[in-house]
Amino acid sequence: MGLDFSVVPSYFGVLLMGAGWTIAITICAGILSFFGGIVFAVIALYAHWALRLPVRGFAFLFMGTPLLLQLFLIYFGLIQIGIDLPAFVAGVIGLGLHFAVYNSELIQASILAVDKGQYEGARTLGLSRGQTLRRIVIPQAVRAVIPPMGNNMIALLKDSALVSVIGVMELTLAAQQAISRTYRPFEFYLAAAFCYYIVNLALEAGLRHLERRIAASR
Amino acid sequence: MTDQAFVTIKNAAKSFGTFEVLKDINLTVQRGQIVAIIGPSGSGKSTLLRAINELDPLSSGEVWLEDVQINKKLPYRQYEAHVNQVRQDIGMVFQHFNLFPHLTVRGNITLAPRMLKGLSEAEANKLAEEQLAKVGLSEKIDEYPSRLSGGQKQRVAIARALAMKPKVMLFDEATSALDPELVEEVNQVMKQLAEEHMTMIIVTHEMDFAASVCDRVLFMDQGVVVEEGPPSVIFQNPENERTRNFLRKHLSR
Amino acid sequence: MDLDLILRVYPFFLEAAWVTIQLSVLTALLGLTCGALGAAARMSRLALFRWIGAVYVSLWRGTPALIQVFILYFGGPQIGIQLDSFAAGTIALGVNIGAYMTETIRGAIISVDRGQTEAARTLGMSRWETMRKVVLPQAARMMIRPLGVNINALIKGTALVAPISVVELTYTAQRFIGSTYKPFEMFLLAGLLYMIIIYAVGHGINWLDRRARIT
């Protein structure tokens, strides 16, 4: 049974749709992980202990376990407590929370590194603590960690392949569908890998562009 | 102009542990007056200035702006609200500018007026343009601070403070971090404010500037006001030995 | 929390944890080998080797590890590579993490001050001697911590062989979730074992890093 790539083009549409879903998941989970990261960071640094401790415990747990295991927990755990979410939503939540924890670690360190003069500058204008945090400190802290958060986004794109395991229809599962009809795993997984690679290159280029654009405002 | 007290500091004292930074300081500044505070580093002059807007709260004593006590003892939430309110009337300029790097010059100036005074975008923009024209930087309105020289940054910082229409301006060694050739442009702006009778309290190392612009000079050392008076007296005919020693070192340069 | 259930199933998890540890060790060894070779290729004087190194890093880091596992395990037989799931998983994950380690090792070597190389070369040492006696000993200390980050990722990454039915921790948790409908208990059990492994290895790496800094 040698290789025969001639079957791949007839499943082009299936793969393309899968790639579209992969991009959609990456964007949704990316947005969730970005804002979730900020929220977790603020809670971990400033909130009342009754909120801070659970969030820190959650971060500890999520940083020490594999994403795949977390996806199983969220997908089956939600079903167990009676919330039957579509696989897509469960996948976005799982990926988003996982990377929010990593982003939160970056943002926390970055918030603590913001110059004391920035607080003083804002406070002397009459801004309250909350206003200073929201308008001055967090925007600066987030800008400073755009490059490493970008790396997390790239990791998120590739890890989105894992949600195929809980049945989210995306690129990896699309390839598996084609394989189940053609019995040509090598060709279709390679084709899927090629699609991931292209999306990955585009994402990297986009992030570099973003980094250049914010360079002046740091 | 009246000779009524505008900024009043009564029995101000502050200590870190057993180290007394300020010891029983009294100071009255009248409306439109320009007061320079000079003294060796560690004399407490910056601490005194930063006590006026509660950046470094006093251990004891009172600070008043007109008929409002700035350092009122209040429950935490009320204290925060009160301090945020009074700080809007007190402009402050720092040695290291403390401009917000993520905002353009326009954003730096309009942020507080829009958030705290409820100005519309158009009103705030007009205000920013006016204040920038005043410090001679109209063309930099859409630049980020990272693209400005030190002198330009400090002039923007002054414009930012002025945009809140403060009753008094505090300058904390505003030219100390600047390259020598950039000092003059900032001094010019401060002189212009002096001509407009802005009430100013200026902590500075520049004796020439203090002598030419200020109405009164305070010499501080080791947490006390050693001597105060008009610049002509302090700089030409100081009474105190410590003042003379300090000036000998600083005026000869 | 169903304690009875946990007490009944935990021996299966212990056995699975042992598989995860084996996977981690073998993957790490293969990864370090690929990383060292990759870094050598990336820094070679021959353009061909540099190109091969760059392509390896770009392709293997630019595509999902899961897909790489699938290509080798399911696609391998088509090109005459017949491996059991454990071997296929270990090789695919090892080569994958090797691409990341290539960049870690290269980064550490580059970060050694150029003056060190120049000083050694002016003493008359050859390129290879300079690398072995001067640059690598310094780079080795600097790469411990970032390699630790790679190893941490690799341990969690071993879960990716669960979909090809290697009976390790995540596969075991998945199977017991399916048969007991107790996702939280199974997650905590597997999670606890993962964390013991990960934090133990993390401590080991910190210890190594501290020791390397003293000498």
Side-chain angles (χ1 to χ4, degrees), chain A residues 1-4 22 60-81 98 102 151 154-166 170-172 175-176 179 183-201 203-204, chain C residues 20 58-81 96 100 152-153 155-163 168-178 180-199 202:
Chain A
M1 188 173 166
L3 296 182
D4 177 10
T22 287
F60 183 74
L61 208 62
F62 261 45
M63 303 236 309
T65 53
L67 172 60
L68 191 58
L69 190 65
Q70 294 160 18
L71 288 173
F72 288 140
L73 172 74
I74 286 165
Y75 187 60
F76 296 106
L78 286 175
I79 290 175
Q80 197 199 15
I81 56 174
H98 179 83
Y102 285 90
N151 290 342
I154 289 168
L156 192 159
L157 166 67
K158 288 173 283 175
D159 279 347
S160 72
L162 269 60
V163 299
S164 64
V165 175
I166 57 167
E170 41 65 81
L171 188 49
T172 303
Q176 276 166 12
I179 291 162
Y183 305 104
R184 296 229 158 254
F186 194 94
E187 291 87 338
F188 280 101
Y189 281 131
L190 202 65
F194 178 75
C195 295
Y196 276 113
Y197 189 67
I198 298 295
V199 178
N200 185 62
L201 286 184
L203 181 58
E204 279 181 359
Chain C
T20 291
S58 177
L59 290 181
W60 263 260
R61 294 205 315 176
T63 54
L66 184 65
I67 295 277
Q68 293 166 24
V69 170
F70 285 171
I71 289 180
L72 184 61
Y73 181 64
F74 294 115
Q78 286 175 268
I79 53 170
I81 302 172
N96 173 265
Y100 291 87
N152 177 298
I155 297 170
K156 286 177 259 181
T158 58
L160 295 186
V161 299
E168 44 68 78
L169 268 174
T170 297
Y171 180 86
T172 305
Q174 182 193 6
R175 213 185 55 188
F176 277 106
I177 289 171
T180 64
Y181 299 105
K182 297 279 186 192
F184 292 103
E185 283 85 346
M186 298 305 122
F187 173 79
L188 285 179
L189 202 46
L192 185 70
L193 290 166
Y194 271 116
M195 289 204 288
I196 289 170
I197 298 170
I198 282 168
Y199 289 110

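Protein chains get the first letters and strands the later ones, always in sequence-line order, with residue 1 at the start of each. Computed from a predicted model, the values in this text were never measured in an experiment.
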- Query: More than 12 non-hydrogen atoms from neighbouring residues, nucleotides or ligands closer than 6.0 Å to CZ on A:Phe194, yes or no?
  - Reply: no
Side chain, backbone, both or neither: which part of [X] has a non-hydrogen atom closer than 4.5 Å to chain A?
X        : result
C:Ile71  : both
C:Tyr199 : side chain
C:Thr158 : neither
C:Leu59  : both

Considering non-hydrogen atoms only, spot the tightest contact between [X] and [Y] and give its length.
X        : Y        : result
A:Ala192 : C:Ile67  : CB-CD1, 4.1 Å
C:Ala190 : A:Leu69  : CB-CD2, 3.8 Å
A:Ala161 : C:Leu66  : O-CD2, 3.5 Å
A:Thr65  : C:Gly191 : CG2-CA, 3.4 Å

Of the backbone (N, CA, C, O) and the side chain (C-beta and beyond), which part of [X] lies under 4.5 Å from a heavy atom of chain C, both, or neither?
X        : answer
A:Ser160 : neither
A:Glu204 : neither
A:Phe188 : neither

- N/O donor-acceptor pair under 3.5 Å between A:Gln80 side chain and C:Tyr181 backbone: yes
- If you tally heavy-atom pairs under 4.5 Å between each of A:Leu203, A:Val165, A:Thr172 and chain C, the highest tally belongs to A:Thr172
- Could you tell me which of A:Ile74, A:Ile179, A:Leu162 has the largest number of non-hydrogen atom pairs under 4.5 Å with chain C? A:Leu162
Kindly compute the distance separating [atom1] ([X]) from [atom2] ([Y]), expressed to the nearest 0.5 Å.
X       : Y        : atom1 : atom2 : answer
A:Leu68 : C:Tyr171 : CG    : OH    : 12.5 Å
C:Thr63 : A:Leu157 : OG1   : CG    : 10.5 Å
A:Leu73 : C:Met186 : CG    : CE    : 11.5 Å

- For chain A, the option from C:Leu160, C:Ile198, C:Thr170 that forms the most heavy-atom pairs under 4.5 Å: C:Thr170
Close side-chain approach of [X] and [Y], heavy atoms under 4.5 Å:
X        : Y        : value
A:Leu61  : C:Met195 : yes
C:Lys156 : A:Leu67  : no
C:Pro64  : A:Leu171 : no
C:Pro77  : A:Phe186 : no

- Taking the inter-plane angle between the rings of C:Phe70 and A:Tyr189 on a 0 to 90° scale, is it parallel (under 30°), tilted (30 to 60°) or perpendicular (over 60°)? tilted
